[in-house]
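Every heavy atom of this structure was used, including side-chain atoms; hydrogens, water molecules and symmetry mates were not. First the proteins, then the strands, lettered A, B, ... as listed; each starts at 1.
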Amino acid sequence: MNIYKLYFNYLIEALEKFKSDFKYSFKVDDILKKLTLEPPKNSINGDMSTNLAMILSKDLKLSPKIIANHLKVYILNFPDVANVNVAGPGFINITFKQHIWTDFISNLLQNIENWDKLEIGNGKNINIEYISANPTGPLHAGHARGAVFGDALASLLTEVGYSVTREYYINDAGNQIEKLVDSSLLRYNEQITNKTIDIPEGLYPGEYLKEVGKTLYEKYGDKLQLDDQKKVFEKVRSVSIEVIMEMIKNDLLKLGIKMDVFTSEKKIISGHLLNEIIKILESKNLIFYGVLDPPKGADAKNWEKREQLLFKSSQYGDDADRALKKSDGTWTYFATDMAYHLDKMNRTKGDLINVLGADHIGYISRINAAVSALSNGSVEIDTKVCALVNLLEDGKPMKMSKRKGNFVTLSDVVNAVGKDVLRFIMLTRRNDQSLDFDFKKVMEKSKENPVFYVQYAHARCKSIFRSSKVNEKELILKNPKRLKDVHEIELIKFIALWPRTLELAAKNHEPHRICYYLIELSSIFHSLWNKGKDNNIKFIVEDDLELTNARLSLVKVVALTIRKGLSILKIEPIFEM
RNA sequence: GCGCUCUUAGCUCAACUGGAUAGAGUAUUUGACUUCGAAUCAAAAGGUUGGGGGUUCGAGUCCCUCAGAGCGCACCA
């Protein structure tokens with residue numbers, strides 16, 4: 001039962017009645033687009049507030065206050081409304097009779113499984129591509145953010161009724177793979193000769209490739225390089241990728257992540273989809289041979305004038321047209337990526353989400369252009385950019401050298417702080433804001449560490465049940481009206497905001513909202529707990545079983561909501577600290 | 001040089017996508033343990049939302065402009 005949704009519907013009914021009573025001609029749908037019903041920032045303004053009068057003002061050519069006073073009459077007739085007043089520039093503020101909140105808790109407890117169920121997705125397919133790290137080595141710490149963000153978003157969208165595909169694009173083609181093969185071969189030769197080989201500049205020096213060398217040796221003995229060059233390359237390539245992807249999958253598993261689909265770039269290139277996109281683009285007259293402008297500024301030195309096959313992405317808001325073929329006649333990365341997006345669209349038959357690192361920001365508009373062009377604008381693509389993570393050790397930046405290969409790996413971080421802490425912290429910032437990850441702080445057991453703070457609130461809930469010797473699961477609320485204290489009502493009102501939070505998070509693809517909600521819920525709960533000291537609103541009142549029962553029910557709802565929020569983020573609740 | 005993104009309290013960040021007096025944490029000052037766990041809570045103080053202009057009933061949010069930071073800039077991936 002979602003109180004906000006319920007009263008939003010009442011509001012729509014009232015609007016239609018108002019329209020017909022006064023014979024107005026405004027379009028209800030246009031008004032609905034702008035209509036809000038939300039808790040006012042300041043609780044002095046009541047329980048809910050709507051902007052209805054203000055958005056009608058233009059169509060009706062009347063001042064918002066006059067309209068509000070007319071609407072007030074309708075709203076006063078809504079069930080359980082105690083008071084309606086018009087305030088500020090024309091807000092209509094509604095205050096409910098108190099029993100609406102206690103009834104709400106009572107209903108919630110009778111419908112624990114479904115009270116916050118939202119059907120936003122309605123089973124619609126959505127494909128979310130995230131991580132997609134190059135298969136040239138295990139994941140490093142920097143990958144954690146995109147990985148957790150994408151995974152939490154996938155989980156969130158599943159929760160609200162989408163059919164979600166979690167997808168990883170393997171960049172197993174191109175120059176970097178050649179370097180990888182060269183590096184792997186050196187490690188293979190190490191196996192044969194039993195001598196350490198210096199990895200030259202430009203190749204991958206990481207120790208992890210020793211495992212690739214070993215696997216090659218186990219598979220082919222010392223005869224591998226007797227074959228012709230092409231075949232050797234292919235064998236080494238496939239073993240390298242296989243071994244490294246296995247490492248990556250294990251890293252992800254440690255973070256609680258399991259992808260549904262892995263798509264290979266190489267397969268895209270060798271498939272028919274590239275021809276397909278050319279056909280589509282040709283039929284729309286979006287493709288031509290032309291010469292691009294040289295890049296302005298210092299980099300223009302190496303530029304040479306050349307006619308290329310181009311996609312008119314500038315017609316779709318990109319700032320330049322983009323090359324589809326390289327000078328050697330092979331496809332550009334972008335062309336392949338276009339084909340890959342067509343592949344995703346064909347499989348998904350729904351919308352797409354890409355999660356990228358901040359270093360790919362400049363790439364977004366051309367992919368958007370590609371998707372619009374290929375789908376005739378019928379497929380929505382949302383690209384979420386994850387900003388940088390600064391790894392700190394007690395406030396000081398950690399030193400990493402990519403060249404030497406001694407970066408902090410993702411699995412190092414998970415081993416140090418645990419998957420749940422890492423997941424939560426990665427979501428305590430909006431995705432587009434940079435984030436400080438301080439190894440010392442995230443392990444701290446204090447309010448400064450939000451994971452701990454939320455977990456502590458949950459543990460406290462459980463501690464109350466332990467002390468009261470009441471079984472949380474079997475608890476049945478007897479008399480909700482015993483919840484009277486303003487602080488209890490405040491907590492209930494905040495619980496009522498949970499479905500709204502879920503909805504906002506899901507619609508805007510912003511899982512961080514769940515974290516912030518849980519932190520605030522914990523704060524309200526900790527506060528209520530401490531009220532037990534001076535205001536005599538302890539949860540357990542020994543000579544009043546009915547009151548204890550009511551308060552324990554409230555505690556149960558808090559614990560349930562925290563667990564629900566954490567489960568969406570795929571974090572385990574802690575029962576005892 | 002061009003483009004994209006960002007700039008909110010001393011510091012780290014929110015702000016229901018255009019709503020009312022911009023909120024938390026931290027640091028500072030002060031107070032609360034005979035308790036169902038003080039790993040917590042309460043209170044004070046802290047702001048021209050980077051500067052300037054515009055759009056409108058109303059702007060941190062949209063548009064323009066300037067400044068600063070990050071990332072990217074034919075053919076790489």
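In this structure, the nucleotide among A77(B), C76(B), U12(B) sitting nearest to the side chain of Asp436(A) is U12(B). Comparing A77(B), C36(B), U21(B) by their closest approach to the side chain of Asn42(A) singles out U21(B). With A77(B), U35(B), C75(B) as the candidates, the nucleotide lying closest to the side chain of Ala323(A) is C75(B). Taking the side chain of Asn134(A) as heavy atoms from C-beta on, and the options U56(B), A38(B), A77(B), the nearest nucleotide is A77(B). Comparing C76(B), U40(B), U26(B) by their closest approach to the side chain of Tyr456(A) singles out U40(B). When each of A77(B), A74(B), G70(B) is scored by its nearest atom to the side-chain atoms of Gln308(A), the top-ranked nucleotide is A74(B).
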Please write out the pairs of protein N or O atoms and N or O atoms of nucleotides 42-46 of chain B separated by less than 3.5 Å, giving the distance to one decimal.
residue : atom : partner   : partner atom : Å
A42(B)  : OP1  : Ser527(A) : OG           : 3.2

Please produce a list of atom pairs where a protein N or O lies less than 3.5 Å from an N or O of nucleotides 14-16 of chain B.
residue : atom : partner   : partner atom : Å
A14(B)  : OP1  : Arg430(A) : N            : 2.7
A15(B)  : OP1  : His512(A) : NE2          : 3.0
C16(B)  : O2'  : Arg500(A) : NH2          : 3.4
C16(B)  : O2   : Arg500(A) : NH2          : 2.8

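Comparing the C1' positions of C13(B) and C6(B) gives a spacing of 14 Å, expressed to the nearest Å. One P atom belongs to U28(B), the other to U21(B), and the distance between them is 33 Å to the nearest Å.
In this structure, Ala173(A) reaches the sugar-phosphate backbone alone: every heavy-atom distance under 4.0 Å involves primed, P, OP1 or OP2 atoms, never a base. In this structure, Asp319(A) reaches the sugar-phosphate backbone alone: every heavy-atom distance under 4.0 Å involves primed, P, OP1 or OP2 atoms, never a base. Nucleic acid contact class of Lys326(A) (heavy atoms, under 4.0 Å, all strands): sugar-phosphate only. Within the 4.0 angstrom heavy-atom criterion, base atoms lie near Pro89(A). Note on Ser468(A): nothing from the nucleic acid sits closer than 4.0 angstrom, heavy atoms only. Backbone-only engagement by Leu292(A) is indicated by non-hydrogen atom pairs under 4.0 Å involving sugar-phosphate atoms exclusively. Among the heavy atoms of the strands lying under 4.0 Å from Glu265(A) are primed sugar atoms or P, OP1, OP2 only; no base atom is included. If you check every strand for non-hydrogen atoms under 4.0 Å, Ala358(A) touches sugar and phosphate atoms only. Note on Asp359(A): only backbone sugar-phosphate atoms sit closer than 4.0 angstrom, heavy atoms only; bases stay farther off. Contacts of Phe452(A) with the nucleic acid, taken as non-hydrogen atoms under 4.0 Å apart, include base atoms.
The nucleotide G25(B) finds its pairing partner in C11(B), both defining distances of the Watson-Crick or G-U wobble pair being shorter than 3.5 Å. Under the Watson-Crick or G-U wobble criterion, with both distances below 3.5 Å, U55(B) is left unpaired in every strand shown. Remark: G72(B) base-pairs with C2(B); criterion is Watson-Crick or G-U wobble with both hydrogen-bond distances under 3.5 Å. In this structure, A38(B) forms no base pair with any nucleotide, since neither Watson-Crick nor G-U wobble geometry is met with both distances under 3.5 Å. When both pairing distances are held under 3.5 Å, U61(B) makes no Watson-Crick or G-U pair with any nucleotide shown.
Regarding Asp172(A), its CG atom lies at a distance of 16 Å from the C1' atom of C76(B), rounded to whole Å. The distance between atom CD of Glu448(A) and atom P of A38(B), rounded to the nearest whole Å, is 20 Å. Separating the OH atom of Tyr316(A) from the P atom of C4(B) is a distance of 20 Å, rounded to the nearest angstrom.
Residue pairs meeting the salt bridge (charged side-chain N to carboxylate O under 4.0 Å, His left out) criterion with at least one member in residues 510-519 of chain A, sequence neighbours excluded, are Arg430(A)-Glu510(A), Glu510(A)-Arg513(A).
For Lys441(A), the NZ atom sits in a loose shell: 12 or fewer heavy atoms of surrounding residues, nucleotides or ligands are nearer than 6.0 Å.
Applying the 90° cutoff around 0 to the glycosidic angle, U17(B) is assigned syn.
Judged purely by distance below 3.5 Å, without hydrogens or angles, the side chains of Thr263(A) and Glu167(A) pair a donor atom with an acceptor atom. In the model, Thr95(A) has no side-chain atom that pairs as donor or acceptor with a side-chain atom of Asp47(A) under 3.5 Å.
Within 3.5 Å, a donor on the side chain of Asn93(A) pairs with an acceptor on the base of A20(B), or the reverse. No hydrogens or angles were tested; on distance alone, a donor-acceptor pair under 3.5 Å links the side chain of Ser49(A) to the base of A20(B).
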